[in-house]
Amino acid sequence: MTIDLDALYVDLHRHPELSYQETRTAGIAAEHLRGLGLDVEVGVGQTGVVGVLRNGDGPVVWLRADMDALPVEEQTGLAYASTETAVDPAGNTVPVMHACGHDMHVTAMIGAVEQLMVTRSEWSGTVVVLMQPAEEYGSGARSMLDTGLLARYPKPDIVLGQHVAPLPAGMVGLRAGTQMAGADGLTITLHGRGGHGSRPESTVDPVVMAASTIMRLQTIVSREVDPQKVAVVTVGSVHAGLKNNIIADKAVLELSLRYTDDEMREHVLAGVDRIVRAEAAASGAEREPEFHTDHTLPPTINDADATSRVTAALQRALGEQNVVDSGMVTGSEDVSWFARDAGAPLVFWFWGGADAAAYAAAVHNGTVEADIPTNHSPFFAPLIHPTIDVGVTALVAAAREFLD
Ligand code: ZN
Ligand code: ZN
């Protein structure tokens, strides 16, 4: 090993950057990839980096790591804790922390590429390294793809990625099928007719329309979805009116929808559309409601065949007891756009960063939720060892499964 991965991780952790501001991180990643002999393009989808390692004929493997940090004030107490601040898109100065562990993703990727270079006489094919911006906005993968990525780079036979998680360090968790939920953010505008609060008969009241709509939307999950399946309909925000004696002319709802597969997504979206339109009609609205999709994160679905191959490779590399099915996660990721756009299989796994003894004690006491900090917590602090090594080993083992 010539690259000091510990030092790289500590440096990235100390200097986290918000989504689409990852210029320092991207610069460091690009420098390492160039140093390892890859062809590198920077500024892909604003701040993304693509590196290509050509090593003869064979499969094309896309390896993806995300780079952005979060507006969280670090409270880990680590010697290398972040004290950085940055200006967010709203113009506010905010603290910044690698609270989702994307610094670990970048570090493990650089380590894995180095190992693949060192062992290149043992495999053949092409590795495309994607250093993605703005995963936390749910838009970084799309930003990279929308630069014509698939036309400009070798198309993948497989897309691989990993995320550090609150599992015991040394362990890897993955499953075939839905690994993470999909999510849609919707903004819905209900149009009424405004007027005087004393004369409701002259108006179409959007507050009553919104109230009725919000309650009826709850019946999608409770009455329309198979109780054995998972879906979420949350109305996270509702805004209407400014004053008690004025009936407003519109109400704006913001919804978060979660689902485990594309079929469920269609089902939930159709239910929302039907109920919102029907409640507007029931209120006597003169104008149709308006729908705006703020973001769509498809469910992260692991290909069954590729997942069984990767699982076997991880078991060989890390020990059978260290590879588990850690369950479906209701959080969401944008990694699957790469596989979906390319029509290629995806395998995405979690790897642990939590102290194994502390984790075992928390399991024993039934206090895992309280004692083991999760991603996005100000206390999230993956161990440097063995987390970096396991991340490198997992990525190399999975890639070599297809390249050997
Ligand atoms: Zn995150
Ligand atoms: Zn993340």
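Positions are given from 1, in the same order as the sequence printed here. Whatever order the structure lists them in is the order used to number ligands and atoms, beginning at 1.
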Would you say H102 reaches the Zn ion (ligand 1) with an N/O/S atom under 2.8 Å? no
Rounded to the nearest 0.5 Å, what's the gap from CD1 on I188 to CD on E254? Could you check? 10.0 Å
Metal proximity, H105 vs the Zn ion (ligand 2), N/O/S cut-off 2.8 Å: no
In a check of side-chain contact (heavy atoms from CB on, under 4.5 Å) between V49 and each of V106, V40, V44, which one passes? V40
Criterion side-chain contact (heavy atoms from CB on, under 4.5 Å) against H105, the qualifying member of I110, L12, V164, L395: V164
At what distance, to the nearest 0.5 angstrom, does CG of D249 lie from CZ of R287? 9.0 Å
I'd like the atom name of the N/O/S atom in E136 lying closest to the Zn ion (ligand 1). OE2
